[in-house]
Amino acid sequence: MTDATAAVDGIAIALLGVALFSVTIRGLLAGVWLLVVQSALLALVAAVMAVSSGAGHMWAAALLTLVVRAAAVPAVLLWILRAVALRRETRPLLSTRHGLILAVALTLVAFFAAGRLELSDAFPARDALPVSLALIFIGLLLMVTRRKAVSQLIGLITIENGIFLAGLIATLGMPLFVEIGIFFDLLVAVGVTAVLTLRINEHFDTMNTDQLRRLRG
Amino acid sequence: MSLAPLLIGVPVLAAVLCAGLGPRAAGVSAAASIVTLAVGVAVAFESFAAPAGRALAGLVYVDALSGLIVLIVALVSAMAALYAVGYVRNAVAEKEIGPAQVRWFYVWLQLSIAAMFAVPLLNNLGLMWVAIEMTTLTTALLVAFFRRGHALEAAWKYLMLGAVGLAFGLFGLLLTYYAASHALGEAASALAWDELRSHASALDPALMRVAFALVLIGFGTKAGLAPMHTWLPDAHGQAPTPVSVLLSGALLNCALYGVLRFHLLATGTLGPEFSSDLLLGIGALSIIVAVPFVLVQHDLKRLLAYSSVEHMGIVALAVGIGGPLALFAASFHMFNHALAKTTLFVAAGALGQRYGTLRLARLRGAIEVAPLPALGLVVGTLAITGTPPFAPFASEFGIAQAGFAGRPSALVGAVILLASSALIFGGMLFHVLRVALREAPVRVRSASFPFAASFIGLPLAALLVMGVWLPPALRDGFAAAAGVLGVAP
C-alpha cells in the first residue's frame, strides 16, 4: 500500500500545481488544456487506486474519468471557444499576481483545515484530502474572479474534480451506478451551459458575464 | 406502490413523443400531465394509508413524506403543463418564440417534471442528488427559453449558483457515504435511504455534523433558503409563467425534501438539537431576508418569488421547531404554498401577457382590463399572506402556536414569523391592490387563456375549503408525513 500511497501523494501534488498554474494564465485555450491535464491526473489516481485495492469498479471509474472529464467535457469547451472565436480572459477582477497570492493562501487554508478534520485514517494518501479541498477553493476563486462564461465553467469543473478526488481516496468512489449518474449529470451540465453560453454570446455579442448585472432587488 | 415508477416513465416517454411529434407536442404534454396527475394522486394517497413501500428491487422507496411531495408535484406540474398550452400559443402569436421551438419547450418541461418526480421516489440518496441536479439543468434551459437578455442572465446565475450549491451537497453526500461505508460496508446499499435510516445511530457523529451542514448549504441553495436564495427571484421572475409555477410550487419543495431526508439522518446520528437548530436559524433568516425585498419591490413576479423565499423559510422553521403540531403544520403549509403560488403566478402571467410588462408601476387598473386574473391576484395574496379563513392561516397559526409552546429558540422563531408575516401582508397587499385598482391604461394587448379561470379558481377554492374544513383523507396524509418527519430512527 505504501507505493500506492506515495504515488497518489505525488499525483495529488501535481494536480495542485496544475490548478495553481491555471490561476496564473489568461488564455482560455490553455485553460481548457490544463483542465485536460487535471482530469488525466485524476484518471491516473483512479487507476492507482484500482491496482492497489483490486476493486474492479475503480477501473470503470478511471475509464469514465478519461472519457468524460478528460475528453468529452474539454471537447465541448473547445467547441464553444471556436464557435464564439474567443481567445483570452479579459480584465479578470484580480490581477494574475493577486490571484496567485490568494490561491496560495487558500491552499494553505485547505492544508490547515484538512489537518483539523482528523480523517487521517480514512485518507491513506496524506496529501490527497488537503489537495481536494484546495481544488475546491481554487475552483471557487476562478468562478468568482473570472468574467468569461468558459472560465467560470472551468472553475466549476475544478470544484467537481476536487470532490471527485476526495471520493476516490476516501471511499474508492461512490457506488458505480451513482458514479455513472454523476458523470451523466456533468455531461448534461456542460451541454446546457454550452447552449446558454452560445445564446448569451448571440444576444449580448460578448461572452462576458459582467453584462449580466441588470437583475437586482 | 407498483404504480410509482410510472411517474418518472410517463413524462420521459412524453418528452420523446414531443420531440418526435412536433406540432402535436402541446397535446402530448397535456395528456401526459393528466396521466401523471391521476397516478400521482393514487400513489400519494396509497402512501398516506400504508406503511413505507418499495418498488423496482428497492430502487424506489415511497413513504408518506415522499407521498406528500409526489402529490404536490403531480398537482402543480399538471396545472403548469395545461396552462403552458395557452401561454405558449400566446407567446408564438406575439412572436416571442418561433413555432419551430415550441416542441422543445414541451420536451424540457416534461423532462424536468420527470426529474421532479424522481427526487421523492428514488431510494438511493446518491441518485436523489443526481435527480435534483437534473431538475436544475432542465429548468435552467426553460428559464432562458424566450432568449431575452434578462432571462439569459437569470438562467446563467441560476445554473452557476445551483451547480456550486449542489457541489457542496455532493461533498456532504460523500462524507455520508464514507460514514455509512464504515458502518454498513462498502456496498451500493450504503447510500440507500431505508438502510441508512435504520443504521443512522451507528454513523460517525463528527462526519455527519459536517455532512449535514454541507447538504443544508447545497440543497438549501436549490430550496431558496437565505442567504443562498439570490438566484431565485431572478429565475422565478424571468422564467415563462408555466415554468415559474413549476419552480415555485414543485421544485422548491423537491429540494427541501432532500434537506429533510438528511435532517432525519442527522437526527438519528446526533439527536434532534443540531440539525433542528440549523433549520430553525436558516428558516428564520429566510423569512427576515424576504421582508425588505417584498416591501420595496418593482416587479410582480419578483414579489411572488420573494414570498416563496419567505414560505420555504417558514417550512424550514416549522421543521426546526419540531413536535407533532409543528410538523403537521409544516406538511400542510408546503401543500398550501404550492397551491397558492400556482394561482398567483398564473394570474401574474396572464396580466404580464396583457400588459406586455411585469413592472408594478405599469400594471394598472387590472380589475377592468382582466377582471379574473386581477381578482385571483388579490384573493391569492390574501390567502398566501395568512388571512383567515384560507388554509395558510391555519398552517401558519399552527407553526406559531407550536413555536410559543417550544424551547426558547422556537419562541424567537415564532415571534419572527408573526412580525414578518404582518409586514409582508401589508407590503404584498399594498402592491397588488395598486395593480388592481389604479386607473387603467388606454391600450393593452389581447391574449386568451383557455382554462386560466380553473387554474386561478380551483387552487383558491381548495385553499378556502381546507381553511374551513380539512378533508380527513388529506388530514391523515399530512399527519402521516409529519409522522415520518417526527419519528427518530
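Quick note: numbers below take in every heavy atom, side chains included, and nothing from hydrogens, waters or symmetry partners. In this text, all values refer to a predicted model and were calculated from it rather than measured experimentally. Chain A is the first sequence line, chain B the second, and so forth, proteins listed ahead of strands; every chain is numbered from 1.
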Check against side chain to side chain contact (heavy atoms under 4.5 Å, CB included), B/E133 and A/L186: CA-CA 9 Å; B/E133 172 93 16; A/L186 184 68; over 6 Å; no

Proximity breakdown for B/L173 and chain A, heavy-atom pairs closer than 4.5 Å: both

Region of A/I163 that comes under 4.5 Å of a non-hydrogen atom in chain B: both

Interatomic distance, B/M134 atom CE to A/D185 atom CG [nearest 0.5 angstrom]: 4.0 Å

Residues B/F168, A/I159; criterion side chain to side chain contact (heavy atoms under 4.5 Å, CB included); working and verdict: CA-CA 9 Å; B/F168 280 99; A/I159 296 176; over 6 Å; no

Top of B/D299, B/L125, B/L170 for chain A proximity - count of heavy-atom pairs under 4.5 angstrom: B/L170

Contacting moiety of B/L137, where chain A heavy atoms sit under 4.5 Å: both

Contact summary for B/A144 and A/L196, nearest pair of heavy atoms: CB-CD2, 3.6 Å

Shortest non-hydrogen separation from A/R199 to B/F145 and the atoms involved: NH1-CA, 4.2 Å

Which of B/D204, B/L174, B/T230 touches chain A most, by non-hydrogen pairs under 4.5 Å: B/L174

CE-CG distance between A/M143 and B/L161, expressed to the nearest 0.5 angstrom: 8.0 Å

A/I182 versus chain B, the contacting section by heavy-atom distance below 4.5 Å: both

Engaged part of A/V188 at the chain B interface, taking heavy atoms whose separation is under 4.5 Å: both

